[in-house]
Amino acid sequence: MTGPLFEDIDRYVGTLFDLSDPALDAALSAASQAGLPDIQVSPALGKFLYILARMAGARRILEIGTLAGYSTIWLARALPPGGRLTTLEYNPGHADVARANIEGAGFGAQVEVLTGAALDTLPALAEREDPPYDMAFLDADKNNYPAYLEWSLRLVRPGGVIVADNVVREGRVLDAGSADPVIRGVRAFNEALAGDERVDATILQTVGEKGHDGIAIAVIRD
Ligand code: SAH
Ligand code: DHB
Ligand code: MG
């Protein structure tokens with residue numbers, strides 16, 4: 001299901017819409033230099049997240065799963081002046097690379113990287129007397145996606161947007177009997193999202209340089 005054509009199309013889109021620049025390139029190089037896995041969103045998906053955040057008028061964005069900050073930079077670029085992004089990362093080494101990349105992209109003041117397991121840092125966010133988030137992007141450990149959905153529904157305002165990466169996993173999501181915690185987590189998340197009356201949601205398949213996968217996208221009902 002994946003192959004040179006889909007990768008060629010990703011490259012075509014990337015060139016046509018000019019989806020790389022020095023800050024994004026530097027973030028990818030730093031990630032690679034530091035030995036981080038090459039699992040950030042594609043440039044086309046990064047731009048898609050940016051456009052969604054713009055469409056949602058997002059002033060406050062929550063990201064779960066930072067890696068090197070590549071998707072963070074795309075999302076931060078959608079913020080208006082005074083906008084804020086909070087991104088949660090378990091691995092302190094990833095968080096260090098991300099902070100440097102985010103600073104290098106000019107968002108040191110607008111973005112905070114909180115180190116720790118998201119299930120440990122999310123309760124502290126809920127305790128803050130801050131306005132709710134306008135958008136959440138879920139992209140951390142897939143076994144905890146159902147819990148991240150609940151936290152997102154608590155932290156994002158009505159009318160806000162929830163997006164989750166990697167919900168198709170080359171079709172392995174179809175395997176109801178899978179023992180893989182990733183597949184079980186993604187299936188439980190997809191089912192919870194589909195059955196939740198607080199949201200309108202769907203899943204879009206993606207193909208390209210990151211293989212065959214998909215993103216879930218939801219808007220919280222008023
Ligand atoms: N959003 C990034 C990619 C994230 S990859 C991008 O597209 O650029 C997934 C990240 O989630 C990894 O850095 C991993 O360390 C982190 N992660 C894994 N388990 C986590 C947890 N329990 N809490 C927070 N982050 C976690
Ligand atoms: C993996 C995680 C991701 O967030 C992703 O986009 C691709 C792969 C992984 O853990 O394999
Ligand atoms: Mg992902």
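Both ligands and their constituent atoms are indexed starting at 1 by order of listing.
Contact atoms of ligand 2 toward Arg169: 1 (C), 7 (C), 8 (C), 9 (C), 11 (O) (distance under 4.0 Å to a heavy atom of the residue). The ligand atoms of ligand 2 that sit less than 4.0 angstrom from a heavy atom of Asp165 are 6 (O).
Under the 3.5 Å distance criterion, the side-chain polar atoms of Arg154 are left unmatched by any main-chain donor or acceptor of Ala126. When atom types are taken as modelled, the side chain of Tyr145 and the backbone of Asp165 share a donor-acceptor pair closer than 3.5 angstrom.
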Donor-acceptor pairs under 3.5 Å, side chain of residues 215-222 to any protein atom, not counting sequence neighbours: which ones?
residue : atom : partner : partner atom : Å
Arg221  : NE   : Asp200  : OD1          : 3.3
Arg221  : NE   : Asp200  : OD2          : 3.3
Arg221  : NH1  : Glu197  : O            : 2.7
Arg221  : NH2  : Asp200  : OD1          : 2.9

Side-chain donor-acceptor distances from residues 113-123 under 3.5 Å, at least two apart:
residue : atom : partner : partner atom : Å
Thr115  : OG1  : Arg99   : NH2          : 2.8
Thr121  : OG1  : Ala118  : O            : 3.3

So Phe137 and Leu49, side chain to side chain contact (heavy atoms under 4.5 Å, CB included) or not? Walk me through it.
-> CA-CA 9 Å; Phe137 175 51; Leu49 293 172; 3.8 Å; yes
Trace of the salt bridge (Lys or Arg N to Asp or Glu O under 4.0 Å) decision for Glu150 with Arg198 = CA-CA 11 Å; Glu150 282 306 319; Arg198 293 169 290 181; 3.2 Å; yes
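Closest to atom 10 (O) of ligand 2 among all protein heavy atoms lies Ile39 CD1, 4.1 Å. From the protein, the heavy atom lying nearest to atom 3 (C) of ligand 2 is Asn166 OD1, 3.2 Å.
A side chain to side chain donor-acceptor pair (under 3.5 Å) with Thr72 holds for exactly one of Arg77, Glu63, Glu89; it is Glu63.
Only the side chain of Lys142 comes within contact range of ligand 2, with a heavy atom under 4.0 Å; no backbone atom does.
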Could you list each nitrogen or oxygen of ligand 1 that sits under 3.5 Å from a protein nitrogen or oxygen, with the atom names and the distance?
residue  : atom   : partner : partner atom : Å
ligand 1 : 1 (N)  : Gly65   : O            : 2.8
ligand 1 : 1 (N)  : Ser71   : OG           : 2.8
ligand 1 : 1 (N)  : Asp139  : OD2          : 2.8
ligand 1 : 7 (O)  : Val41   : N            : 2.9
ligand 1 : 7 (O)  : Ser71   : OG           : 3.3
ligand 1 : 7 (O)  : Asp139  : OD2          : 3.4
ligand 1 : 8 (O)  : Ser71   : N            : 3.0
ligand 1 : 8 (O)  : Ser71   : OG           : 3.3
ligand 1 : 13 (O) : Leu67   : N            : 3.3
ligand 1 : 13 (O) : Glu89   : OE1          : 2.7
ligand 1 : 13 (O) : Glu89   : OE2          : 3.2
ligand 1 : 13 (O) : His94   : ND1          : 2.8
ligand 1 : 15 (O) : Glu89   : OE2          : 2.6
ligand 1 : 15 (O) : His94   : ND1          : 3.3
ligand 1 : 19 (N) : Asp141  : OD1          : 3.4
ligand 1 : 22 (N) : Asp141  : OD1          : 3.2
ligand 1 : 22 (N) : Asp141  : OD2          : 3.3
ligand 1 : 22 (N) : Tyr148  : OH           : 3.4
ligand 1 : 23 (N) : Ala118  : N            : 2.9
ligand 1 : 25 (N) : Tyr90   : N            : 3.1

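Counting only protein N, O or S atoms, 3 lie closer than 2.8 Å to the Mg ion (ligand 3).
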